[in-house]
4 protein chains.
Amino acid sequence: MASNRFGNIFTITTWGESHGKAIGVVIDGCPAGLPLEEADINAALALRSPGLNPYTSPRKEADRAEIYSGVFEGATTGTPISIVIFNKDADSSKYEPIKDLLRPGHANYTYLEKYGRFDYRGGGRSSGRETACRVAAGAVARKLLKEEGIEVAAFLSQVGSARMADPIGEEFASLRQSVYANPVFCPDPHTAEAMMKLIEAAKDRGDSLGGVVTFLAGPMPTGLGDPVYEKLEANLAKAMMSLPATKGFEIGSGFQSVEMTAFQHNDQFIVQEGRVQTATNYAGGTLGGISTGMPLIGRVAFKPTSSIMKEQKTLSTEGKEAKFALPEGSRHDPCVAIRAVPVVEAMLALVLADAVLMNRCVRVKR
Amino acid sequence: MASNRFGNIFTITTWGESHGKAIGVVIDGCPAGLPLEEADINAALALRSPGLNPYTSPRKEADRAEIYSGVFEGATTGTPISIVIFNKDADSSKYEPIKDLLRPGHANYTYLEKYGRFDYRGGGRSSGRETACRVAAGAVARKLLKEEGIEVAAFLSQVGSARMADPIGEEFASLRQSVYANPVFCPDPHTAEAMMKLIEAAKDRGDSLGGVVTFLAGPMPTGLGDPVYEKLEANLAKAMMSLPATKGFEIGSGFQSVEMTAFQHNDQFIVQEGRVQTATNYAGGTLGGISTGMPLIGRVAFKPTSSIMKEQKTLSTEGKEAKFALPEGSRHDPCVAIRAVPVVEAMLALVLADAVLMNRCVRVKR
Amino acid sequence: MASNRFGNIFTITTWGESHGKAIGVVIDGCPAGLPLEEADINAALALRSPGLNPYTSPRKEADRAEIYSGVFEGATTGTPISIVIFNKDADSSKYEPIKDLLRPGHANYTYLEKYGRFDYRGGGRSSGRETACRVAAGAVARKLLKEEGIEVAAFLSQVGSARMADPIGEEFASLRQSVYANPVFCPDPHTAEAMMKLIEAAKDRGDSLGGVVTFLAGPMPTGLGDPVYEKLEANLAKAMMSLPATKGFEIGSGFQSVEMTAFQHNDQFIVQEGRVQTATNYAGGTLGGISTGMPLIGRVAFKPTSSIMKEQKTLSTEGKEAKFALPEGSRHDPCVAIRAVPVVEAMLALVLADAVLMNRCVRVKR
Amino acid sequence: MASNRFGNIFTITTWGESHGKAIGVVIDGCPAGLPLEEADINAALALRSPGLNPYTSPRKEADRAEIYSGVFEGATTGTPISIVIFNKDADSSKYEPIKDLLRPGHANYTYLEKYGRFDYRGGGRSSGRETACRVAAGAVARKLLKEEGIEVAAFLSQVGSARMADPIGEEFASLRQSVYANPVFCPDPHTAEAMMKLIEAAKDRGDSLGGVVTFLAGPMPTGLGDPVYEKLEANLAKAMMSLPATKGFEIGSGFQSVEMTAFQHNDQFIVQEGRVQTATNYAGGTLGGISTGMPLIGRVAFKPTSSIMKEQKTLSTEGKEAKFALPEGSRHDPCVAIRAVPVVEAMLALVLADAVLMNRCVRVKR
């Protein structure tokens, strides 16, 4: 079963609880010969770090990944890469008073029902903290993709009612840069400003907002993704919907396709720049689950962060009526979708790295 | 890799091309002692059959499943259940003239790029025909779920601009009946009528429409779904996005959650009917990827059927400009989402059956 | 779990009971572009067929495989290859009288304990008949290996006290031919004669004998096999010990190594024919689970066929003392190891085909 | 692929090189509610520790496992258990002078061929050091088996020509104790003495010896092991043959069965102590890959330790003739089979723990 594992060939196994000693990830299946050092991973983790700005949780942990295995003389060796991140700044005492309350929108009830026990400190295994391991592994996957000439990116495209259009055209190289220059990871300055206003207002009310993260990859080779059940969009959907707080996934036109006709929606094949392309990209970069060579594009919906300062009605674990509010001074993300941006990017990289390796096995001759 | 396999413990492996000798599925991991006969499967296949009405493709194959193994004296034995469906009414000659054209919105281009060859007859492996195998396996999964007291359903909730609201309340038992009484598998008669009008108009234009299929399961036990990467919604998303023509997936509030605040979105825990429930169900039946006991609800977006009668511009496999239109007399579904209804239901059943078995292994004592 | 599946990338899923309608195998992961036709598979099945000679069971089924999918215009397409073999000559009535007896050395007791039911006809799923599916799949794997320049072989090297030495040297090409020219599949004529005498004598007593099957592959590339748990010998051991009636497995020197010292046992590296080889091959072709380029060699021990004509004491399924003897006219193999020869060869081919594909993913650049 | 992973439901992923920062294992799939502390694991590791006596390598590392996740308030929580063991006493400088030599009987040649690079320090990933992680995980598996009432044991039964008979009868409880009281882990004092003499003599010559480790489990429930490819003996064979230095595997009668007839070999079913048993146990505790309820018994052959002090001829990595000898003061195990005893026991526990969980999914009703 191995429910903490993801991937077929380029696989990750993550472990660790929010307030345990450490969290970590084992990457099994990364090819040998990839240049890799801790700084590659820490650069990625820094983007996910909270406390960068008022729009994310003030937890000031300095996440620092250590590589315990799989790298020798500056490159991967083909053996498992074990990455460990120690938990600092993990004050569990705040969780004592609320450990016997069912937290609205939170997983402590379901973990208790399933396992009969729960490491409640900081959300334990169900905490968003686990996603740091995905980011660490994603940094390795991204390096592998670079060797194949593929770039990935993600950005915040909507918060509440503030949304931006899909970026068009050739600015891929600069996109990632403009995303992370921005406190809300939205490359469009006007939308970013509107988002910040909404988030500040929600924060002032002790409340939180949802958001949409758009992901993009390119230039894409053709042929990635394996029919029938390892379709690129199927694995992307699983990857994204395995993230905490996700409620929806789209590839290409997504739900908008429902109100189109085939004549509008079918992307016309054309020859451009000497190769087969499509005039539009409603497909989002795949047909039959296999990459077309057009940019891969999709979206992930994040609900408003469940943990809020505002008091809510709930039950105790014994079923008595109770009130729940995060303790004063708790860390609290007014819009979890912001910090999800580098995580979505990491999941995209992991799915593509895996698809690249799987694609080496599909023809008799290479 | 096994890219034609789905599931962890209750697993299916499907095989077969649209116009090959047969298609089929091997179910490996179905527990022993489940009453099963071919009629169970054929009843499910009948729902997916085209030719029922003018709103689906006129192909008049009488799909009949045969069980070749795994059942003895009317019940499963714990050994693999092999189900075979022979292809009849598979006239491949129509595909000869179009075999060297890139079909817009279709997978023949990507298969050719990936594998260097393609069984173009009727769409080969990329055809929606593969989903008959999912329906056959889903019928078995549904019987297993019945033993656990869980019912599943799916229905067409939107076509183009015609949409219905989520059904509310206790009518679960009758829902499935009202769905399949209906030529467009929509339980709301008014919406169904509007859908039919839209579909007829699209058909007259030689065009097609997209749609949304909503799925539902209940009464749900708590505890189904395994964190972190085998979350119930992650596996549902993969299941649904592995279906042909899908562009989006939602659980519970889906993309709508983006415009809500946590105070609105967090479902309040209450005691009702003597057990813990939530006052609302924006979560859609899971928290942290594990079932809460509330109904499981989600939606799948289907693009308009790619194959249409209307002429479209395209390229030949050699990259020359060409025109593409389905040959006169071709089978053609004006809204693929209709026939997807029993398929979505089947995928839901497969994910839940697997989750039920996985859930047997999570505690020391049983 | 998928306990009827074998392999990582080149995977097989077998299904079917001895006296059901059919048995079969789905090969998922075979690369596209491999020339394949039914005759390739039927040639392999013919070698496993009983009734060739008095030394094997007289069952006169004419096994004929049909390819139902995955092959188009004479070559594999990259989609699953479904192979079906219908059961003929399956007279189940003989099994009625013994269905309530625990058969000594046979699996009906354990299946009943595990599953609470058992398709007793002809041994059901536990029958050696399942191995026909392995042979069918092995024929496909062998074709893939040929594209890589690798040949596989197996032969009967011991029956009771009659044994032959390992074949030495360069006769690989002719070895397979000399094996199958022989009614007991032993390439050494003197040993073969001794074996036949022993088997005839055992048969006359209504008893049966065990045997050893030796397997060989070459010329081997270096680098096949993945540490730590996918070592070549680990997967070979699993492959062979998953066969009915196997009791032991050896690679290279096997149990004989226990009485050697390292100075004797360590194969010395030398340059020969312009490449690195070893002066001896006690290792059997692997070091650290990865192929060295030397021939792969090992052995599998088969117990004497459990089903014999001679009367034995046993219990009924209700625990009463009883006598058990195969009904007059039953099929009965006096030495199951003979018919195991093509099956061992098939398993060797399956493990190697899988290792060849896995080995494509271990370096960044190809 | 995940070639560093073992198991289906109770899975382990090991990582780490002999002279890297640390080694470790992630257990994914251990049920919640198992009492567990670091002392449980360290007690098991102590048995594998070298330096206990003159018969094993003098490396004096104090292996101490730390549990980084998955345990809360003294019991497992159902989340992954991450165990880390830091490498101390890892002086890599000794390996510098021999890093460009192909080490006879060792994996550096094959790793170089496969991956193009190799962490040569102390054998890197191919070192026996990896087995410490198996022992750590095995300690957890053994605790799970205890909850099911199953005990496991292993012991050294042969070194060179000194061998002992299989232990008979009911002394299971005391067996494990008598094994580990002994410097060579052989429960028979006379054989132990003979073994020690042989090992001392080999050590004096700078050479090493092979050995056989016998494993045992009981009391066994019926029904463990899943046909066809997850047979208990198939998984045991894979488990054992994935260990460094193993050359052979047997279950029950093993290769000895080849010289028996079925009438001798078939274990007769009898009723004893009120339940179905067999009068003999040549099967070794399984029929058709499923446990019979009789003790599980088998053997593993270990070659003589490849690394010896005695000088051997070899090649450099450039193919030049050279001499190889371990540097003075190197650690050197004159019989690797001794330290393999707790490792074999661990692998047995891991296979059985997995089988116990898999067996929960095979019937409709529980």
Side-chain angles (χ1 to χ4, degrees), chain A residues 1 3-4 6 8 102 104-105 107 110 113-114 126 130 158 160 207-208 210-212 222-223 226 228-231 233-234 237-238 241-242 247-255 257-259 261-263 265-266 268-269 271 287-288 290 292 301 303-306 308 310 313-315 319 358, chain B residues 1 3-4 6 8 102 104-105 107 110 113-114 126 130 158 160 207-208 210-212 222-223 226 228-231 233-234 237-238 241-242 247-255 257-259 261-263 265-266 268-269 271 287-288 290 292 301 303-306 308 310 313-315 319 358:
Chain A
M1 240 156 52
S3 74
N4 295 278
F6 185 78
N8 291 286
L102 304 186
T110 52
E113 285 288 304
K114 186 175 189 81
S126 78
E130 184 268 346
Q158 183 178 355
D207 210 343
S208 70
V212 172
T222 59
D226 286 60
V228 175
Y229 297 103
E230 301 296 320
K231 287 191 170 91
E233 59 265 38
K238 177 164 184 168
M241 296 303 296
S242 74
K247 302 308 291 179
F249 171 86
E250 292 185 328
I251 180 103
S253 55
F255 279 86
S257 71
V258 171
E259 304 201 30
T261 73
F263 196 74
H265 192 273
N266 284 347
Q268 187 192 325
F269 287 105
V271 172
L287 283 172
I290 304 170
T292 60
K303 69 175 184 181
T305 326
S306 301
I308 52 176
K310 209 166 171 177
K313 286 193 201 163
T314 189
L315 299 174
M358 286 195 278
Chain B
M1 238 154 55
S3 74
N4 295 278
F6 186 78
N8 290 287
L102 303 187
T110 50
E113 286 287 305
K114 186 175 189 80
S126 77
E130 184 268 346
Q158 182 178 356
D207 210 343
S208 68
V212 172
T222 59
D226 285 61
V228 174
Y229 297 103
E230 301 297 320
K231 287 191 170 89
E233 58 265 39
K238 177 164 185 168
M241 296 303 298
S242 75
K247 303 307 291 178
F249 171 85
E250 292 185 328
I251 180 101
S253 55
F255 279 86
S257 69
V258 172
E259 306 202 27
T261 72
F263 196 74
H265 192 274
N266 283 346
Q268 187 191 326
F269 287 105
V271 173
L287 283 173
I290 305 169
T292 59
K303 69 175 184 182
T305 327
S306 302
I308 53 177
K310 209 165 170 177
K313 286 193 201 162
T314 191
L315 299 174
M358 285 195 278

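Note that the structure is a prediction, hence the values are computed from the model and not measured. Values below: every heavy atom of this structure, side chains too, minus hydrogens, waters and symmetry copies.
- Taking OG from A:Ser126 and CD1 from B:Ile290, the interatomic distance works out to 8.0 Å, rounded to the nearest 0.5 Å.
- The most heavy-atom pairs under 4.5 Å with chain A, out of B:Ala107, B:Ser257, B:Ala237, come from B:Ser257.
- Heavy-atom pairs under 4.5 Å with chain A peak, among B:Thr261, B:Val271, B:Thr292, B:Thr314, at B:Thr261.
- Residues B:Met241 and A:Ile251 are in side-chain contact: their nearest non-hydrogen atoms beyond the backbone lie under 4.5 Å apart.
- Both the backbone and the side chain of A:Lys238 have a heavy atom closer than 4.5 Å to some heavy atom of chain B.
- Proximity to chain B involves both the backbone and the side chain of A:Lys313, based on heavy atoms less than 4.5 angstrom apart.
- If you measure heavy-atom distances from A:Glu130 to chain B, the contacts under 4.5 Å come from the side chain alone.
- Counting heavy-atom pairs closer than 4.5 Å to chain A, the top residue among B:Gly319, B:Ser253, B:Ser306, B:Ser242 is B:Ser242.
- Each of A:Gly223, A:Gly210, A:Ala234 has some count of heavy-atom pairs under 4.5 Å with chain B, and the biggest count is that of A:Ala234.
- In this structure, NZ on A:Lys303 lies 15.5 Å from CZ on B:Phe255, to the nearest 0.5 angstrom.
- Between B:Lys247 and A:Val258, the closest side-chain pair of non-hydrogen atoms is not below 4.5 Å.
- Heavy-atom pairs under 4.5 Å with chain A peak, among B:Gly105, B:Gly288, B:Ala262, at B:Ala262.
- Taking chain A as the reference chain and counting heavy-atom pairs below 4.5 Å, the highest number among B:Thr305, B:Ile308, B:Leu102 is found for B:Leu102.
- By the 4.5 Å heavy-atom criterion applied to side chains, A:Asp226 and B:Lys114 are counted as neighbours.
- Taking every heavy atom of both residues into account, B:Gly160 and A:Glu259 meet most closely at O-CG, 3.6 Å.
- Contact detail for A:Leu315 and B:Phe269: the closest heavy-atom pair is CG-O, 3.6 Å.
- Highest contact tally toward chain A, considering only B:Val212, B:Thr222, B:Leu287, is held by B:Leu287 [criterion: heavy-atom pairs under 4.5 Å].
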